[in-house]
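Take a look at the structure set out below.
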Amino acid sequence: MSTRAEKYEYLARIKGFIELYSSKETTNILDGSYRSVYRGRSLDFDDLREYAYGDNVRDVDWKSSSKAGKLLIRRFVAEKKHNVLFVLDSGEKMKADTSAGEDKVQVALDTLGVIAYLVNQAGDDYALLQAGPGGMYFTNFSSGNRHLEEMLREAERNLSSGGESRPLADVLEYTAENLTRRMVICVITDLAGIAGISEKLRRKLVVNNDVLMVDIDDAFLYGDRVFDVGASRYEEGLLFGGKKLARAEREEREKRLAQAEAGFRSQRITMTVIGSEKEIIGKVIELFDRHRLGQARA
């Protein structure tokens, strides 16, 4: 008789999700074509790209640069086995809606599931670090369908519990202070979580790691129908009709995103913003591609 873990309910859901939302342009996601998002170097040459501030001058391909008339950097395929750490934000604020009116918890879980599925297919080791109702939750680095199933199950349990939770910055501080192995750190949070990450903490995280940031886009306060997290209900017709207020809110959010993007760019952290389930596949692929190219926001 199969145990619950052996039924792989979460894995089956993620596979179905990928099949549902993959288009002709993104079918490579089903073909196992994921490549490591590390920008690190190894002995295996990959391709060339234009020099960017902070690149190691030892990686300049002078012959190709002379022909192209601009500095080109040799990029290398990193080692075959990697460590990917998923840091998933939690707490009451994650139980709201997204800007597309979808369940924020579900969009966050599906984003985690898609990326973890790709990492698992590649055979990389991965772990989850998350603040839960009983404190800090951390899995071992491993791979395989059972590990993926159990990780997604625990992530949903921590997200769905809501209530008070340690700030994301505390979880990332723990990461920087206690996890010494080189990793790809994939952070799934929201704009409030991003705003709480100081420049000093970002510097500590990127010393030995590649960092990917996913912003689950919150619903706007000035809209037609808004979910009140504190009251656990939808509110209509209060402050939600003013066009000037709605425009000001959108402008303020774009300003805050631009500020975050500028800080991330200086430290080679790549970010994407996801507001709905149908965006996840394309946004994840863009996130990986932009990270390899050294671009901050997808």
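If you read the sequence from its start, that first residue is 1, and numbering goes on from there. FYI, side chains are in, hydrogens and waters are out, and symmetry mates aren't considered; it's all heavy atoms of this structure.
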Fill in the blank from the handout: d(Ile18 CD1, Gln121 CD) to nearest 0.5 Å is 8.0 Å

Exercise for the section: Decide yes or no on side chain to side chain contact (heavy atoms under 4.5 Å, CB included) for Glu173 and Leu201, but give the supporting numbers first. Expected result: CA-CA 7 Å; Glu173 189 70 43; Leu201 178 53; 3.5 Å; yes

Practice task
Might you work through the side chain to side chain contact (heavy atoms under 4.5 Å, CB included) test for Phe264 and Arg202, ending with a clear yes or no?
Solution key: CA-CA 8 Å; Phe264 291 157; Arg202 293 197 305 264; 3.5 Å; yes

Exercise for the section: Please step through side chain to side chain contact (heavy atoms under 4.5 Å, CB included) for the pair Asp103 and Val107, ending with a clear verdict. Expected result: CA-CA 6 Å; Asp103 182 6; Val107 174; 5.9 Å; no

Handout entry: Closest non-hydrogen atom pair between Leu128 and Ala155, with its separation
Key = CD2-CB, 3.8 Å

Practice task
Flag the pair Asn209 / Val184 as yes when at least one side-chain heavy-atom distance between them is below 4.5 Å, and no otherwise.
Solution key: no

Exercise for the section: Using a 4.5 Å cut-off on heavy atoms from C-beta on, say whether the side chain of Leu148 contacts that of Tyr8. Expected result: no

Exercise for the section: Test salt bridge (charged side-chain N to carboxylate O under 4.0 Å, His left out) on Arg13 and Asp110 and set out the steps. Expected result: CA-CA 9 Å; Arg13 185 188 188 285; Asp110 287 337; 2.4 Å; yes

Practice task
Would you mind reporting whether Phe17 and Ile281 have side-chain heavy atoms less than 4.5 Å apart?
Solution key: yes

Exercise for the section: Look at Lys255 together with Glu251 and state whether they make a salt bridge at an N to O cut-off of under 4.0 Å. Expected result: no

Practice task
Could you tell me whether a side-chain N or O of Lys278 sits under 3.5 Å from a main-chain N or O of Tyr21, the two making a donor and an acceptor?
Solution key: no

Exercise for the section: Would you check if there is a donor-acceptor pair between the side chains of Asn120 and Asn145 at a distance under 3.5 Å? Expected result: yes

Exercise for the section: Of all the heavy-atom pairs spanning Val105 and Lys95, show the shortest one and how long it is. Expected result: CG2-CA, 4.0 Å

Practice task
Check whether any side-chain N or O of Asp215 sits under 3.5 Å from a backbone N or O of Leu191 as a donor-acceptor pair, and report yes or no.
Solution key: yes

Problem - Test item: Phe141 and Val84 side chains (from C-beta on) under 4.5 Å apart, heavy atoms - result: no

Practice task
Give a yes or no answer on whether the side chain of Thr98 reaches the backbone of Gly275 with a donor-acceptor pair at less than 3.5 Å.
Solution key: yes

Practice task
Identify the heavy atoms of Ala131 and Ser90 that sit nearest to each other, and give their distance.
Solution key: O-OG, 2.5 Å

Fill in the blank from the handout: For Leu205 and Ala176 the tightest heavy-atom approach is CD2-CB, 4.0 Å

Exercise for the section: Give a yes or no on whether the backbone of Leu287 and the side-chain of Thr272 come within a donor-acceptor separation of less than 3.5 Å. Expected result: no

Exercise for the section: May I ask you to decide if the ring planes of Tyr126 and Phe86 are parallel, tilted or perpendicular, using 30° and 60° as cut-offs? Expected result: perpendicular

Completion exercise
On a heavy-atom basis, the closest approach of Ala260 and Ile194 is CB-CG2, 3.8 Å

Handout entry: Stacked cation flag Arg253 on Phe220, 6.0 angstrom / 45 deg
Key = yes

Handout entry: Salt-bridge present (Arg265, Glu261; N to O < 4.0 Å)
Key = yes

Completion exercise
Value for CG (Asp61) from OG (Ser66), rounded to nearest 0.5 Å, stands at 10.0 Å

Exercise for the section: Measure the OG-CD1 distance between Ser99 and Ile216 for me, rounded to the nearest 0.5 Å. Expected result: 9.5 Å

Practice task
Please tell me if the side chains of Val214 and Met271 come closer than 4.5 Å, counting only heavy atoms from C-beta onward.
Solution key: no

Exercise for the section: Determine, stepwise, if the pair Lys93 / Thr189 fulfils side chain to side chain contact (heavy atoms under 4.5 Å, CB included). Expected result: CA-CA 10 Å; Lys93 68 189 180 71; Thr189 182; 4.2 Å; yes

Problem - Val87 and Tyr174, any side-chain heavy atoms less than 4.5 Å apart - result: no

Practice task
Please tell me if the side chains of Gln106 and Glu102 come closer than 4.5 Å, counting only heavy atoms from C-beta onward.
Solution key: no

Practice task
Find the distance between CG (Asp97) and NZ (Lys104) and round it off to the nearest 0.5 Å.
Solution key: 9.5 Å

Problem - Under 3.5 Å side-chain donor-acceptor pair for Arg182 and Asn208 - result: no

Exercise for the section: Write down the atom of Val187, the atom of Leu172, and the distance for their closest heavy-atom approach. Expected result: CG2-CD2, 3.9 Å

Exercise for the section: Report yes or no: does Ser266 contribute a side-chain atom to a donor-acceptor pair with the main-chain N or O of Gly263 at less than 3.5 Å? Expected result: yes

Handout entry: Test item: Asp210 and His291 side chains (from C-beta on) under 4.5 Å apart, heavy atoms
Key = yes

Problem - Connected via hydrophobic side-chain network under 4.5 Å: Leu20 and Ile280 - result: yes

Exercise for the section: To the nearest 0.5 Å, tell me how far Gln267 CD sits from Lys204 NZ. Expected result: 12.5 Å

Problem - Separation between OG1 of Thr175 and CG of Asn178, rounded to the nearest 0.5 Å - result: 8.0 Å

Handout entry: Side-chain ion pair, Arg153 and Glu149, N-O less than 4.0 Å
Key = yes

